[in-house]
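First comes the structure, then the notes that go with it.
Position 1 is the first residue of the sequence, and the numbers go up from there. All heavy atoms count here, side chains included; hydrogens, waters and symmetry mates do not.
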Amino acid sequence: MTTTHPIWTAHYPVNTLVLDHRKRLGLVGLLQILQDVAWLHARHLGHGYEAMMDRGTLWVLARFQLAILGPRPTWGQDVTVRTWVRPPAGPIALRDYEILAEDGAPVAEATAGWLTLDAASRRPRKLALDGDGRFPYRRDGTLTLQPGKLPPRTDLPEVARVAVHNSDLDVNGHVNNTHYARWILDTLPLAEIEAHRLVRYEINFLAESALGDTVIVERGPMDAVTGAGAVDAVDVQVQGRRASDGAVLFVARLGAERR
């Protein structure tokens, strides 16, 4: 691999593929854009899907944290996404994203933690990006987001059961991360979505979900957030368990402010 610039930039239209019901860039649409730009940049760096499969490995998203900083762009506008890979500090590769409006104003920022798995055993493999010492990590100007562990809770009530269908699967043969976001949003009454502005989305993926699984989705109450800067802020935890064995598949937390 030849040395290249660490920051990858891409532009995306806010069209009907990524809108929410309010004609704005939706959470699921934004996650789809970030997934796409990560795959494009990884392929450019020689670590895309085909190259990883040639090595008998694959990328899976382990942790993700999103902070929404400004108004979400609306139908017909464009967004710019800048992304880079942080220097390694453990088995998880951290990728940062900046999402900018047409005028350059910040819309959101996010950090994703990607894990390398053996494609056959689905067990973690040692991260190996920098064999020749020339991998273009961004060493300054990285984000301060640090996706951490979200502990599952045992006291959350079941609010839905979701069957995994063909259309939920991605190229790795498991439920795509953006589909979990759909399930999470679907646990919230539309009136609550209308009354609040999403400001934070964080999720841990703890196990894979495959075709034929039934996922029990559990949700807690909207807890008031206290502390400096918390004005009419709420926080809610949503998690999913596989019905067949009770294994926790994901744990997510959403933060919002009253409009």
* Structure fact -> Students should find that the hydrophobic cluster of V248, defined by side-chain heavy atoms under 4.5 Å apart, otherwise consists of L150, L206, V251

* Asked: Is the backbone N or O of L25 less than 3.5 Å from a side-chain atom of R72, with the two atoms forming a donor-acceptor pair by type?
  -> yes

* Asked: Within the distance-only criterion (no hydrogens, no angle test), does the side chain of N172 pair as donor or acceptor with the backbone N or O of W59 below 3.5 angstrom?
  -> yes

* Taking all non-hydrogen atoms of both residues, which atom of I193 and which atom of R259 are closest, and how far apart? -> O-NH2, 3.8 Å

* To do: Might you point out which heavy atoms bring P13 and D78 nearest each other, and give the distance in Å?
  => CA-OD1, 3.2 Å

* D96: which of T144, T111, T83 passes side chain to side chain donor-acceptor pair (under 3.5 Å) -> T111

* Structure fact -> Residues R63 and P147: closest non-hydrogen pair is NH1-O, 3.4 Å

* Asked: What residues form a salt bridge (charged side-chain N to carboxylate O under 4.0 Å, His left out) with E192, not counting sequence neighbours?
  -> none

* Residues forming a side chain to side chain contact (heavy atoms under 4.5 Å, CB included) with L40, sequence neighbours excluded -> W8, Y12, D36, R43

* To do: Please confirm whether the backbone N or O of A243 pairs with a side-chain atom of D213, one donor and one acceptor, at under 3.5 Å?
  => no

* To do: Sequence neighbours left out, what pairs pass ring pair (Phe, Tyr, Trp, His ring centres under 6.0 Å) with at least one residue falling in residues 63-109?
  => none

* Show the numbers, then the answer: is there a side chain to side chain donor-acceptor pair (under 3.5 Å) between N176 and Q35? => CA-CA 10 Å; N176 185 265; Q35 176 177 255; 2.7 Å; yes

* To do: Name all pairs fulfilling the side chain to side chain donor-acceptor pair (under 3.5 Å) condition that reach into residues 237-252, sequence neighbours left out, sorted by first residue then second.
  => E218-Q239, E218-R241, Q237-Q239, Q237-R253, R242-D245

* Asked: What's the shortest heavy-atom distance between A181 and L31, and which atoms?
  -> CB-CD1, 3.5 Å

* To do: Determine which pairs satisfy ring pair (Phe, Tyr, Trp, His ring centres under 6.0 Å) with at least one residue from residues 144-188, sequence neighbours left out, and list them in order.
  => Y180-W183, Y180-F205, Y180-F250

